[in-house]
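Report on one structure; see the data block that follows.
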Amino acid sequence: MDRIPRSFLAVDPETLARRLLGQRLVRTLDDGTRLAGIIVETEAYLGVRDRAAHSFGGRRTPRNESMYASAGTAYVYFTYGMHHCVNVVCGRRDEPVAVLIRALEPVEGLDVMRTNRAARRAHKQPLRETDLCSGPAKLAQALGITRELDGVDLTRAGPLHLERARTRPLPRAAVVNTPRIGVGYAGRWAARRLRWRLAANPHVSRP
DNA sequence: ATGACGATTTACT
DNA sequence: GTAAATCGTCATA
């Protein structure tokens with residue numbers, strides 16, 4: 001209901017990664033169905049100096065062009081030949097910094113999420129609620145997020161947007177800060193603690 | 001035209 | 001724990 005203003009998103013990626021925790025990501029389907037979850041895990045990507053970022057060294061291609069858009073834009077990329085992941089861009093134009101949404105606690109449209117997630121599995125094993133959105137590609141599958149949504153404005157009601165679910169900052173003890181996942185190739189940048197997650201939340205990708 | 005590589009997930013040993 | 005799946009994307013030629 002309550003959209004998130006651009007000013008809330010136009011901050012450095014470390015600040016944004018931390019403050020997105022507890023907020024809501026909403027996917028609205030063409031028929032009006034809402035699929036939504038509370039953000040419980042994020043990672044900051046620091047731009048041209050960050051070896052792990054797609055924009056490292058100023059790399060700018062059709063794939064990552066929306067990282068260079070202004071704060072509040074969605075950067076949706078495709079990887080491993082089969083997975084999509086969503087970022088919230090937070091820089092000014094031409095400053096390619098963003099926050100990767102890594103996990104959600106599902107709160108709306110769980111039945112559709114279950115269908116979306118089950119569709120791509122060969123051996124239909126039981127799908128627990130904590131398997132729905134507990135990873136960046138899992139949540140993209142569950143919410144039906146693809147490259148079609150790359151570049152959308154996350155501050156306006158639309159096919160994909162952010163909503164305020166919490167006004168007060170989270171208590172310090174409710175948040176855990178760790179190194180990022182899956183960026184072992186990034187040398188010293190792999191060790192930097194640029195991942196944030198809610199403590200004691202079962203919907204995160206990994207403890 | 002070709003080849004190497006993933007900001008991952010799943011299944012299997 | 002390890003490895004397969006799977007292909008768009010980009011750099012090199």
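First the proteins, then the strands, lettered A, B, ... as listed; each starts at 1. The model shown is predicted, which means the values in this text are computed figures rather than measured ones.
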Does A:Y75 place a side-chain N or O at less than 4.0 Å from the phosphate oxygens OP1/OP2 of B:dA7? no

Can you measure A:K138 atom NZ to B:dT9 atom P for me and round it to whole angstrom units? 6 Å

Nucleic acid contacts of residues 140-154 of chain A, taken as heavy-atom distances under 4.0 Å to DNA chain B: none

Can you classify the ring geometry of A:H84 versus A:F78 as parallel (below 30°), tilted (30 to 60°) or perpendicular (above 60°)? tilted

By nearest-nucleotide position on DNA chain C, the 5'-leaning member of A:N64 and A:H83 is A:H83

Atom pair distance, as rounded to whole Å: CZ in A:R206 and C1' in B:dA7: 13 Å

Single-linkage hydrophobic cluster A:L104~A:I38, side-chain heavy atoms < 4.5 angstrom: no

Side chain proximity check, A:N177 to A:R18, heavy atoms < 4.5 angstrom: no

Check the distance between C:dA11's C1' and A:R63's CZ and give it to me in whole angstrom. 14 Å

For the pair made of CG in A:D131 and P in B:dT8, what is the distance, rounded to whole Å? 17 Å

Atom CZ of A:R51: over 12 foreign heavy atoms under 6.0 Å: no

Out of B:dT10, B:dT8, C:dA11, which has the shortest distance to the side chain of A:R121? B:dT10

Watson-Crick/G-U partner (both atom distances under 3.5 Å) of B:dA7: none

Hey, quick one: are A:V89 and A:V26 part of the same hydrophobic cluster, counting side-chain heavy atoms closer than 4.5 Å, chains of contacts allowed? no

Expressed as a whole number of angstroms, how long is the span from A:R180:CZ to B:dT8:C1'? 16 Å

Verify, without hydrogens or angle tests, whether A:D50 (side chain) and A:Y45 (backbone) share a donor-acceptor contact under 3.5 angstrom. no

Separation of C:dT9 atom P from A:Y80 atom OH, nearest Å, is 16 Å

Verify, without hydrogens or angle tests, whether A:R197 (side chain) and A:T42 (backbone) share a donor-acceptor contact under 3.5 angstrom. no

Centroid distance below 5.5 Å plus an interplanar angle below 30 degrees: do A:Y45 and B:dA7 meet both conditions? yes

Base, sugar-phosphate, or nothing for A:A52, non-hydrogen atoms under 4.0 angstrom? base

For A:R60, which contact category applies under a 4.0 Å heavy-atom criterion: base, sugar-phosphate, or nothing? nothing

Grab the CE-C1' distance between A:M82 and B:dA7 for me, whole Å please. 15 Å

Looking only at B:dT8, B:dT10, C:dT9, the nucleotide nearest the A:R102 side chain is B:dT8

Rounding to an integer number of Å, can you tell me how far A:L100 CG sits from B:dT8 C1'? 11 Å

